[in-house]
Amino acid sequence: VSPDRLELEKLVERDARLLLHGVNRGGQASGMYTYSVIDPHGSFDHSCSNYGAMGVWACAQVGFEVPREFWVMVDRGWRAHQVPGGGWAYTVAADNQPGTTTMTSGGLVNLFITQEFLDYKAGEC
């Protein structure tokens, strides 16, 4: 393995662990991100959540082993936040915000990503 590859693996592992540590793990915010990955305290929005999940996905694309439970949590979070009609708003539907094109695109991307790692035929999601 080349020194460049070892350096890349080290950086990817650092970023992946930071992102996995910084995701919300409970309540309405489960599977979502906010502006800080240090201590999210249940704060989140779908824009930050797009970047968080896509960052973990990028780490997985270069070989980092992401726990399956992460993908289940992200998938459930995005599905739970859909507004009537199937889209997503900037925050949760309880805020009575309509879905937007940008957040709906992000929601679809995240469901696409989670499906790459989950087996829906098993009925676990």
Any side-chain heavy atom of S49 sitting closer than 4.5 Å to one from W78?
yes
Report yes if some heavy atom in the side chain of F64 is under 4.5 Å from a heavy atom in the side chain of V62; otherwise report no.
no
Are L11 and L20 connected in a single hydrophobic cluster, I mean Ile/Leu/Val/Met/Phe/Trp/Tyr linked by side-chain heavy atoms less than 4.5 Å apart?
no
Mind checking whether M32 and V23 have side chains closer than 4.5 Å, heavy atoms only?
no
Could you tell me whether K10 and E13 have a side-chain N and a carboxylate O separated by less than 4.0 Å?
no
For A89 against P98, the heavy-atom pair lying closest together:
CB-O, 3.3 Å
Y51-W88 co-clustered via ILVMFWY side chain contacts under 4.5 Å:
no
Hey, are the side chains of Q28 and V92 touching, using non-hydrogen atoms and a 4.5 Å cut-off?
yes
Validation row: V37, L19 side chains within 4.5 angstrom (heavy atoms)
yes
Side chains of W57 and E116, donor plus acceptor under 3.5 Å:
yes
Given W71 and Q115, is the side-chain contact (heavy atoms from CB on, under 4.5 Å) satisfied, shown in steps?
CA-CA 8 Å; W71 301 118; Q115 289 178 40; over 6 Å; no
What distance separates D39 CG from T34 OG1, expressed to the nearest 0.5 Å?
10.5 Å
To the nearest 0.5 Å, what is the distance between CZ (R79) and OG1 (T114)?
6.0 Å
Approximate separation, where rounding is to 0.5 Å, of S43 OG and Y33 OH:
15.0 Å
Side chains of R5 and L8 in contact at under 4.5 Å (non-hydrogen atoms)
yes
Decide side-chain contact (heavy atoms from CB on, under 4.5 Å) for D45 and C48; before the verdict, give the C-alpha distance in whole Å, the side-chain angles of both, and the deciding distance to 0.1 Å.
CA-CA 6 Å; D45 65 57; C48 292; 3.5 Å; yes
Got a second to check how far R76's CZ is from S30's OG, nearest 0.5 Å?
9.0 Å
Locate the shortest heavy-atom distance separating P40 from N24; write the atom from each residue and the value.
CB-OD1, 3.5 Å
N110 side, atom CG; D75 side, atom CG - distance, nearest 0.5 Å
9.5 Å
Please report the C-alpha distance between F70 and V56 in whole Å, then the side-chain angles of each, then the deciding distance to 0.1 Å, and finally whether the side-chain contact (heavy atoms from CB on, under 4.5 Å) criterion is met.
CA-CA 9 Å; F70 172 81; V56 175; 3.5 Å; yes
NE2 (H46) and OG1 (T102) are apart, to the nearest 0.5 Å, by 11.5 Å
A quick test of your reading: do over 12 heavy atoms of other residues, nucleotides or ligands sit less than 6.0 Å from CD of E65?
no
Test side-chain contact (heavy atoms from CB on, under 4.5 Å) applied to F117 and V72, step by step
CA-CA 9 Å; F117 298 94; V72 169; over 6 Å; no
Which residues pass the side chain to side chain donor-acceptor pair (under 3.5 Å) test with D4, not counting sequence neighbours?
none
